[in-house]
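A note on names: the letters A, B, ... follow the listed sequences, proteins ahead of strands, and every chain is numbered from 1.
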Amino acid sequence: MSTDSQSPVLVWFRDDHRLSDHPALAAAVATGSRVLCFAVLDDDSDGLRPLGGATRWWLHGSLEALDDALRRTGSGLLVFKGSALSIVGRIAIEAGASAIFWNRRYSAAEIAVDRAIKKHLTDLGIRAHSFNGRLLHEPWTIANQAGKPFQVFTPYLRAVMARPVAAALPPPKRIPGGTWPSALLDAAIPVGALGLEPSSPDWADGMRAEWRRGERAGQEGFERFCRESLRGYADNRDHPSVQGTSRLSPHLRFGEISPRQIWHGVTAEAAREPSLARDAEKYLSEIIWRDFSHQMLHYYPHMPDRPHSSRFDRFPWSEDAKAVRAWQKGRTGYPIVDAGMRQLWQTGWMHNRVRMIAASFLVKHLLTDWRRGEAWFWDTLVDADPANNAFSWQWIAGSGPDSAPFHRIFNPVAQGEKFDPDGDYIRSFVPEIAELPSGFIHKPWDAPPAVLHAAGVRRGETYPDPIVPHGPARERALQAFRSLRSVADLPS
DNA sequence: TAAAAGTTACG
DNA sequence: GTAACTTTT
């Protein structure tokens, strides 16, 4: 521990709203200087994508929780609003800081902002230190035999599984708090005044009922997952009516838990109880998909904007605004799709299996450009992030690296029957067909009139008929895909 | 992390 | 007729 220094050091929190396993915070504390913590709501930097509605809602609670935690161990959190480049420079100068610490980000715009700030501060004689607080491994540390980034998930998975993961850091016992200059205190904005939560209409009730935000909620959610849902995860994770997944995605999104903490926690569980090995490995592979998405975003910065595979540049997407609206509102007439889209709208989250079905439906049955879906999820998911959202949409659309082939088209009825056999998931989100017997709940249009009547369902009135028929829609999608084939690709 | 069509084996 | 397996999209 170095001696006390006159000038404070800064920690800039960005989607790493925790005190435990926070390398930047730990390094700042280790300097022995006073530590001032801040965050920036940046809707202004060039190219930086403003948060969607659901993530803004989550951010509110996440920042409040972080401020509380920092008040208990240090001097709290100041939040500023505006372009990070101008604000962070000003903060560093006015606070008289000797150094600034942060954990890295991975989208192109974020990297550009951070690089510009680092240069600006370095020119002013202020050191900027960056760390890995977000991933198991930095993208540039995992490469194949040829020294290139992996393009296929399975070998990437094997490489990561064979590699040790850095230990998770404990939270600092005490953070030597400093005093902010009054000009900065005046410039900061209370979290409640940032306008992150909706007022009228207040659409966040369903999300409030579903989630607790902040590090404590994230850590407790993880402990609960290990206790209650890790056993059986590999089988249960695909059944949306079962509490079979970890539901940690928004906590990971905002860094309320780190992937390193998850890695070591799950590994310890499996070491204690060898029968958990298969479930633990399956769960960790999902965490590794998350690293893989970030690696892809790092190497292919246009992942959110353009198809990774250029053959999709000329895909004949259609623009059916009415159909897209029906998809967004959960009125497609396919119960599993509608249940998922309504779960998303009400709770800010959708079960992974259903995400695949609903996304496949938008892209393949409706022939909608995946970027429309990506934008909707960006606005409505509490876990929306630049890497996972873009990568996963490209994956389902078939245009991404190592993605599902385009001709893999989910049948929403068959998927519903397979993964929600009793229709419990559908019943909880599509109440107007809840009384249908399980045999018809995935295809109300097949139910005899007497069954519909008994269930109080009037086709096309209380619940829509399918907006596109499955068989012809499937054929149309395959036809569109075939149209991409160039002469050179045709079999000779 | 698929579905549908085609083919074969067996009654 | 249909279950099991293979091929195609």
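In this structure, the side chains of Asp320(A) and Val324(A) stay at 4.5 Å or more apart for every pair of heavy atoms.
Looking at residues 348-361 of chain A, you'll see Arg353(A), Met356(A) sit with a heavy atom under 4.0 Å from some atom of DNA chain B. Of the residues in residues 464-477 of chain A, those lying under 4.0 Å from DNA chain B by heavy-atom distance are His470(A), Arg474(A).
Sorted by first then second residue, the side-chain hydrogen bond (donor to acceptor under 3.5 Å, both in side chains) pairs that include residues 146-168 of chain A, not counting sequence neighbours, are Gln151(A)-Tyr300(A).
Under the side chain to side chain contact (heavy atoms under 4.5 Å, CB included) criterion, Arg459(A) pairs with Trp445(A), Leu452(A), Asp465(A), sequence neighbours left out. Partners of Arg325(A) under the side chain to side chain donor-acceptor pair (under 3.5 Å) rule, at least two apart in sequence or in another chain, do not exist in this structure. Take Asp42(A) and apply the side chain to side chain donor-acceptor pair (under 3.5 Å) test, not counting sequence neighbours, and it matches Ser45(A).
Here the closest heavy-atom approach between residue Asn103(A) and residue Arg14(A) is recorded as O-NH2, 2.8 Å. Arg134(A) and Pro259(A) make their closest contact through O-CG, 3.2 Å (heavy atoms, listed as atom of the first residue, atom of the second, distance).
For Arg482(A), the side-chain atoms get nearest to dT9(C) when compared with the rest of dT9(C), dA4(B), dA2(B). When distances are taken from the side chain of Gln415(A) to each of dT1(B), dA2(B), dT9(C), the shortest belongs to dA2(B).
The closest side-chain donor-acceptor pair between Arg231(A) and Ser275(A) falls under 3.5 angstrom.
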